[in-house]
Enquirer: 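Structure below; questions to follow.
All values below were derived from every heavy atom in this structure, side-chain atoms included, with hydrogens, water molecules and symmetry-related copies excluded.
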Amino acid sequence: MNRQERKVVGASAIGTAFEWYDFFLYGALVPVIGSKFFGEYSESAQTVFALLTFAAGFIVRPLGAVVFARLTDQVGRKVVFLITLILMGVSTVAVGLLPTSEQIGILAPILLVTCRILQGLAVSGEFGAAVTYVSEYAPPRARGYFVGWLTGTTALAFSLSVAVQLVVEGIVGTGSYNEWGWRIPFLIAVVPLALSVWIRASLHESPLFQQMKANNGTAKAPLREAFSSRARVRMIVIVFIMASAQAFIGYVSTVYMLTVMKTNLGIDSFTVNAMYLVVMLAGFFLCIGACRLSDRVGRRPVIFAGLGLAAVLMFPLVDSINSTANPELARAQDQTSVTLAADPSTCSFQFNPAGTAAFTSDCDVAREALQSNSVLFDRVDTAGGPTTVTVGDTTVTASPTFEDDLLGVLTAAGYPIDGSTQAILIEGVGDLFDARILAVMGLLLFLVLFAQMAQGPASVTMVEVFPTRIRATALSLPYQLGVCFFGGLLPATMVAIGAEVGSFTTALWYPVIAMGLGVLVLYFTLPETHGVDLAAVTIKGDTAPVPEPTLQER
């Protein structure tokens, strides 16, 4: 890279890292957010509601893509850079100032969702503008390498958000951190916000966009043009499938596993955060390497390898993480069968955002006791009769002391109900080199590697399949739709599936099957694009005419 190229990539990456830092702060604080804003619900419900609020930032991303991508294609890449950056910073600081549900009731989660919506709008505009801007500056044969520095900031920002939390928790103590210290990482976002705005304000507009604008070639209605022919619609659908497939492994390897390790595997928050700090920092460089590799061997082989390996190895990797991170719990899960038998009419769907349901039936009490202690169980529906839980050869029947009796039997069966556990624990820097800690980080790193192999080259491909005048709009909408429905909703969906069926590992079938189908479809439809001249990109089979500029536009 020459000096100008380094400035473009560096300034873009710093701003993007800040936006994703803000976005991921929430994901890494799901258990705390759940207790502060949904404290009146059960622990399982708190987690799902917190994840659904996390998903709110994704649900609005298609809307943000339409609004900001249009501006990107009509006004310029740099302007959108600054708008989205400021919007993200303000909404993030606001989260740190929100009162909890204990203080203002239902208004607290409403305000939280509002902030998440603003963050979602901001980050949706960031992706299209940033990846388009950097790609249009990059030389064709090194475009993947350039974009890799930008896309990799997702992992870097995740690592940074975790690092800030660890430092703050270390300074104020775990008790104070859970009480009020969790606000600090949100509030200090104002510092990198100011720095990022200052750096991005010094950038020049993309040369391809400047040339297009000088020739009166900007699209008057980029969204309408993006859907103006069957060939363009077909390519948008292909990009949607690619975005969806890479979102599955991306959010399983980060938010879902981060949540599962803290809740289902009984690992303390500090230990999980410390491991993810290291793993996601490595993920940043893995993304750059994957994108660089795609410059040499092609985008398709790297994307397919990432998605295919993730689908094939998902179950063995997660099982290995479980058995290594908390062997006592894993041993109890493997050696003791647990069956919940109840009349299905007495088993409520446990997640009720309106707060109108009371989960007091014997079936609900049993499920909450089993789920909160990471017990894997089977469901058997009965026609009437009392609710029972069979643990190995012992059956516990519903009674006034049902929960206490059940916990006692689970303890006798080897479940670490009493709080004594062999879960991995990091108490100092030296513990990072413990064999079990290193093993778990290595297993997580495989998941993160597969995610970077899919996400990095996919981002470059999305730029390379659309022409300049509609590029940001045409790639942003399908990307944000895919990430919204199959990324943002993924953690909450999987946690809810696990809670209903009694096994968080069973929920892995959802992303595994989806990624397998994604690879199959993309193999027959996704074109190879590395090395193309962005100024000359056309869509195969596209017969839609390029609108001539009007007299007024001339």
Enquirer: State whether the side chain of Arg471 and the backbone N or O of Val463 hold a donor-acceptor pair below 3.5 Å, judged by distance alone.
Expert: yes
Enquirer: Is it true that a side-chain atom of Thr271 and a backbone atom of Ile426 form a donor plus acceptor pair closer than 3.5 Å?
Expert: yes
Enquirer: Given side chains that start at C-beta, do those of Met441 and Tyr276 come closer than 4.5 Å, heavy atoms only?
Expert: no
Enquirer: Identify which one of Val318, Thr254, Val279 satisfies the side-chain contact (heavy atoms from CB on, under 4.5 Å) criterion when paired with Leu444.
Expert: Val279
Enquirer: Please report the shortest heavy-atom distance between Val465 and Val537, naming the atom on each side.
Expert: C-CG1, 3.9 Å
Enquirer: If you take all heavy atoms of Ile424 and Thr324, which pair is closest and at what distance?
Expert: CG2-O, 4.0 Å
Enquirer: Ignoring hydrogens and geometry, is there a side-chain-to-backbone donor-acceptor pair from Ser476 to Thr473 under 3.5 Å?
Expert: no
Enquirer: Does Thr132 offer a backbone N or O that forms a donor-acceptor pair with the side chain of Ser135 under 3.5 Å?
Expert: no
Enquirer: Can you confirm if the NZ or CZ of Arg300 lies within 45° of the ring axis of Tyr523 and under 6.0 Å from the centre of its six-membered ring?
Expert: yes
Enquirer: Do you know the tightest heavy-atom contact between Ala226 and Ile470?
Expert: CA-CD1, 3.9 Å
Enquirer: Given Tyr510 and Phe486, is the side chain to side chain contact (heavy atoms under 4.5 Å, CB included) satisfied, shown in steps?
Expert: CA-CA 10 Å; Tyr510 173 40; Phe486 300 110; 3.7 Å; yes
Enquirer: Determine yes or no for a side-chain-to-main-chain donor-acceptor pair under 3.5 angstrom, with Gln480 supplying the side chain and Leu477 the backbone.
Expert: no
Enquirer: Just by distance, no angles: are the side chains of Thr461 and Arg299 close enough, under 3.5 Å, to form a donor-acceptor pair?
Expert: no
Enquirer: Do Arg183 side-chain atoms and Val93 backbone N/O form a donor-acceptor pair below 3.5 Å?
Expert: no
Enquirer: Which pair of non-hydrogen atoms, one from Gln165 and one from Pro185, has the smallest distance, and what is that distance?
Expert: CG-CG, 4.1 Å
Enquirer: With a 4.5 Å cut-off on side-chain heavy atoms, are Met235 and Pro527 touching?
Expert: yes
Enquirer: Would you name the heavy atoms of Leu265 and Ala325 that are closest together and state the gap between them?
Expert: CD1-CB, 4.5 Å
Enquirer: With distance as the sole criterion, is a donor-acceptor pair present between the side chains of Arg224 and Ser228 under 3.5 Å?
Expert: no
Enquirer: Which pairs would a plain distance check flag for residues 153-160, meaning a side-chain donor or acceptor within less than 3.5 Å of a matching protein atom at least two apart in sequence or in another chain?
Expert:
residue: Thr153; atom: OG1; partner: Leu150; partner atom: O; Å: 2.4
residue: Thr154; atom: OG1; partner: Thr151; partner atom: O; Å: 3.1
residue: Ser159; atom: OG; partner: Leu277; partner atom: O; Å: 2.7

Enquirer: Using atom types as modelled and distance alone, determine if a side-chain donor or acceptor of Asn273 lies under 3.5 Å from a backbone N or O of Val162.
Expert: no
Enquirer: Arg232 side chain to Glu225 main-chain N or O, any donor-acceptor pair under 3.5 Å?
Expert: yes
Enquirer: Taking atom CZ of Phe446 as the centre, does the number of heavy atoms from other residues, nucleotides or ligands within less than 6.0 Å exceed 12?
Expert: no
